[in-house]
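These notes are about the structure you will find just below.
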Amino acid sequence: MKRRTLLLGGGGLVAMGVAGFVAWRESSLRAPQANRAVSQPNAASSPPDLEAFYASHLPDSKGRDTALESFRGDALLINFWATWCPPCVAEMPELEALSKSFNHVQFVGIAIDTAANVNKFLTNIPVSYPILVAGHRGIDLVRAMGNPVGGLPYTVLVTSGGRVNEQILGQVNAGTLTQQLQRLVA
């Protein structure tokens with residue numbers, strides 16, 4: 001009796017595992033690719049509200065207030081990220097390297113996180129461009145910037161004239177982003 005119960009239970013677990021794997025594989029095949037511009041057809045996006053961005057004030061990781069209006073007129077790369085987001089963490093060294101190559105573009109990181117987590121992160125992976133801490137209220141800003149689902153990482157490229165050039169949902173690809181930045185400053 002016990003052997004039969006064990007065999008039936010084991011078979012049920014195997015069947016559940018196979019069904020779970022098939023469901024995961026199907027959903028993965030239909031998932032959007034990272035670094036896809038949100039503005040491409042069929043992408044879930046809304047028009048970015050740059051005025052909501054410029055009207056915001058956010059503290060840096062040391063608590064000093066920054067008016068985002070101070071970035072108006074600059075070509076911008078705005079990167080929404082979090083320390084708990086593996087693709088966000090993975091792309092940070094690439095963004096840092098690109099920020100040094102594209103000195104005509106102001107890079108701004110907006111952390112959907114706590115100042116304590118951001119400070120701890122920055123001791124391990126230093127970043128030279130401004131990192132601002134939005135906490136959970138940053139999700140509203142992410143949505144206002146054209147990402148209604150609030151997924152991270154999310155990167156927005158803005159021309160110096162105040163026009164959104166690109167919206168990227170997911171981890172950036174350094175080669176593709178380099179081309180996008182070259183078009184931004186052209």
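Looking at heavy atoms from C-beta onward, F53 lies in side-chain contact with I110 at the 4.5 angstrom threshold. Looking at L132 and L68, their side chains come closer than 4.5 Å, going by heavy atoms from C-beta outward. A heavy-atom distance below 4.5 Å is found between the side chains of I78 and M145. Under the 4.5 Å side-chain criterion, counting only non-hydrogen atoms from C-beta, L98 is not in contact with E91. I168 places none of its side-chain heavy atoms less than 4.5 Å from the side chain of N173. In this structure the side chain of H104 never reaches within 4.5 angstrom of the side chain of S160, judged on heavy atoms. Considering only heavy atoms from C-beta on, L184 comes within 4.5 Å of T159 through its side chain.
Expressed to the nearest 0.5 Å, how far CG of L58 lies from CZ of R64 amounts to 14.0 Å. For the atom pair CG of D60 and CG of D65, the computed distance is 9.0 Å after rounding to the nearest 0.5 Å. For the atom pair OG1 of T176 and CD of E166, the computed distance is 10.0 Å after rounding to the nearest 0.5 Å. Note that the CZ atom of F71 and the CG atom of L76 stand 7.5 Å from one another [nearest 0.5 Å]. Atom CG of residue N79 and atom OH of residue Y154 lie 11.5 Å apart, to the nearest 0.5 angstrom. Here the CD atom belonging to Q180 is positioned 9.0 Å from the OG1 atom belonging to T155, to the nearest 0.5 angstrom.
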- Item | Residues S61, N119; criterion side chain to side chain donor-acceptor pair (under 3.5 Å); working and verdict | CA-CA 6 Å; S61 63; N119 284 321; 3.0 Å; yes
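Listed here is the closest heavy atom pair of E96 and S99: O-OG, 2.7 Å. Between T123 and K120, the closest heavy-atom pair is OG1-O, 2.6 Å. The nearest pair of heavy atoms linking P93 to I125 is CG-CG2, 4.4 Å. The heavy-atom pair separating V149 from R143 by the smallest distance is O-NH2, 4.1 Å. Nearest heavy-atom pair, I112 versus W84, reported as atom, atom and distance to 0.1 Å: O-NE1, 3.4 Å. Annotation for D113 and A82: closest pair OD2-C, 3.8 Å, computed over non-hydrogen atoms.
No donor-acceptor pair closer than 3.5 Å links the side chain of Y129 to the backbone N or O of L95.
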